[in-house]
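Scope of the values below: all heavy atoms of this structure, side chains included, with no hydrogens, waters or symmetry mates. Keep in mind that what you see is a predicted model, and the values were worked out from it rather than measured.
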Amino acid sequence: MLDLDFNLNEFCGKTDEELAVLAKSNRSAEDALILRFLKLIFIKAEIISFYGIDSDDLRQEGLMGLLKAIASYVPERAIKFSTYAEVCIVNRMRTYVKKCGVKHIDKLSLDDLPEEIASQEETPESIYINKEFFSELWNAVDNVLSVFENRVFCLCVSGKTYRQAASVLGVSEKSVDNAMQRARRKIRDSLNKNQR
């Protein structure tokens with residue numbers, strides 16, 4: 001669950017790459033890195049949602065892509081973390097959109113930001129709203145998922161493929177896929193209920 005009480009000043013002077021290394025063993029560093037990339041996740045989700053896909057679902061996928069990037073980042077490869085994270089986030093969103101039946105997602109340029117999104121500045125209010133969204137997301141995960149769905153969700157968020165998660169849990173890949181579909185639906189329903 002996202003820890004909203006940590007001291008951001010502790011990590012302000014750190015580069016993304018330094019935070020990515022620290023995040024492997026320090027939850028507060030991971031939370032700080034997530035907060036840095038929330039705007040990117042929200043922007044990409046907003047652009048892709050023009051295809052008729054729910055932006056909340058896309059944000060969840062983007063977060064899973066970011067968490068996978070944090071878990072699998074290797075600084076020795078001399079790739080900027082921001083570049084690596086963006087690729088992981090966008091690929092995760094594109095894969096989700098393709099599963100939803102949209103075939104021409106590969107032709108979408110995610111670099112062309114709508115002007116109203118591109119001009120948004122990161123303000124204390126926007127940071128607070130982003131923190132609130134991800135706090136609600138993790139609360140929904142903790143409160144609405146079954147034990148099995150939670151295990152599947154955590155494995156997939158940590159970067160495991162459906163096949164790898166199925167192997168770890170000793171179940172079929174289809175069981176993992178079904179559990180993730182139920183988890184997405186439950187999380188989305190919980191967030192929608194909380195926003196009413």
Side-chain angles (χ1 to χ4, degrees), residues 1-50 53-75 77-97 105 108-114 116-141 153-160 184 187-188 191:
M1 187 163 156
L2 191 64
D3 174 14
L4 303 180
D5 297 326
F6 68 92
N7 183 358
L8 280 175
N9 293 333
E10 179 183 347
F11 302 107
C12 281
K14 304 266 185 217
T15 66
D16 293 341
E17 292 73 23
E18 290 169 331
L19 275 181
V21 171
L22 285 173
K24 293 183 188 300
S25 60
N26 182 319
R27 184 59 193 260
S28 293
E30 180 182 64
D31 291 343
L33 197 53
I34 289 170
L35 287 174
R36 283 189 186 179
F37 283 84
L38 286 181
K39 184 176 181 183
L40 175 69
I41 290 171
F42 275 64
I43 289 171
K44 299 298 186 184
E46 193 66 30
I47 294 169
I48 296 175
S49 72
F50 290 125
I53 306 297
D54 184 75
S55 60
D56 283 342
D57 289 343
L58 290 167
R59 288 182 199 138
Q60 290 174 35
E61 292 299 321
L63 176 60
M64 288 191 276
L66 176 58
L67 291 172
K68 180 178 180 178
I70 292 169
S72 60
Y73 180 69
V74 179
R77 292 188 181 157
I79 297 171
K80 286 178 60 174
F81 179 78
S82 59
T83 303
Y84 182 68
E86 184 172 1
V87 169
C88 291
I89 290 165
V90 170
N91 284 346
R92 183 79 188 213
M93 288 182 181
R94 284 179 190 235
T95 300
Y96 178 72
V97 170
I105 184 69
L108 172 66
S109 171
L110 298 179
D111 297 323
D112 301 329
L113 302 180
E116 67 274 10
I117 295 173
S119 64
Q120 287 177 353
E121 290 186 29
E122 201 164 76
T123 64
E125 293 82 11
S126 68
I127 291 170
Y128 177 78
I129 289 168
N130 292 342
K131 280 182 172 183
E132 283 292 306
F133 173 80
F134 283 102
S135 178
E136 287 177 22
L137 174 62
W138 288 116
N139 281 331
V141 169
F153 184 80
C154 289
L155 285 168
C156 291
V157 163
S158 72
K160 301 278 189 220
R184 282 191 190 100
I187 292 167
R188 181 178 56 245
L191 290 174

Measure the spacing between [atom1] of [X] and [atom2] of [Y] and express it to the nearest 0.5 Å.
X     : Y     : atom1 : atom2 : answer
Met93 : Gln60 : CE    : CD    : 10.5 Å
Met64 : Cys88 : CE    : SG    : 13.0 Å
Ile41 : Ile89 : CD1   : CD1   : 4.5 Å

Do you know the tightest heavy-atom contact between [X] and [Y]?
X     : Y     : result
Ala69 : Ala85 : CB-CA, 3.8 Å
Glu18 : Thr15 : OE1-N, 2.8 Å
Ile70 : Lys24 : O-NZ, 2.8 Å
Lys14 : Leu19 : CB-CG, 3.9 Å

Going by heavy atoms in the side chains, are [X] and [Y] under 4.5 Å from each other?
X     : Y     : result
Ile43 : Lys39 : yes
Ile34 : Glu30 : yes
Val97 : Leu58 : yes
Lys80 : Asp16 : no

**Request:** Evaluate the side-chain contact (heavy atoms from CB on, under 4.5 Å) criterion for residues Phe42 and Ser55: first the C-alpha distance (whole Å), next the side-chain angles of each, then the deciding distance (0.1 Å), finally the verdict.
**Result:** CA-CA 8 Å; Phe42 275 64; Ser55 60; over 6 Å; no

**Flag, side chain of Tyr96 to backbone of Gly62, donor-acceptor distance under 3.5 Å** =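 Here the side-chain-to-backbone pair does not exist.
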
**Message:** With side chain to side chain donor-acceptor pair (under 3.5 Å) as the test, pick out the partner of Glu61 among Arg92, Lys44, Arg94.
**Reply:**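 So the option named by the test is Arg92.
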
**Request:** Look at the aromatic rings of Tyr73 and Phe81 and report parallel, tilted or perpendicular, splitting at 30° and 60°.
**Result:**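 Tyr73 vs Phe81 ring planes: perpendicular.
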
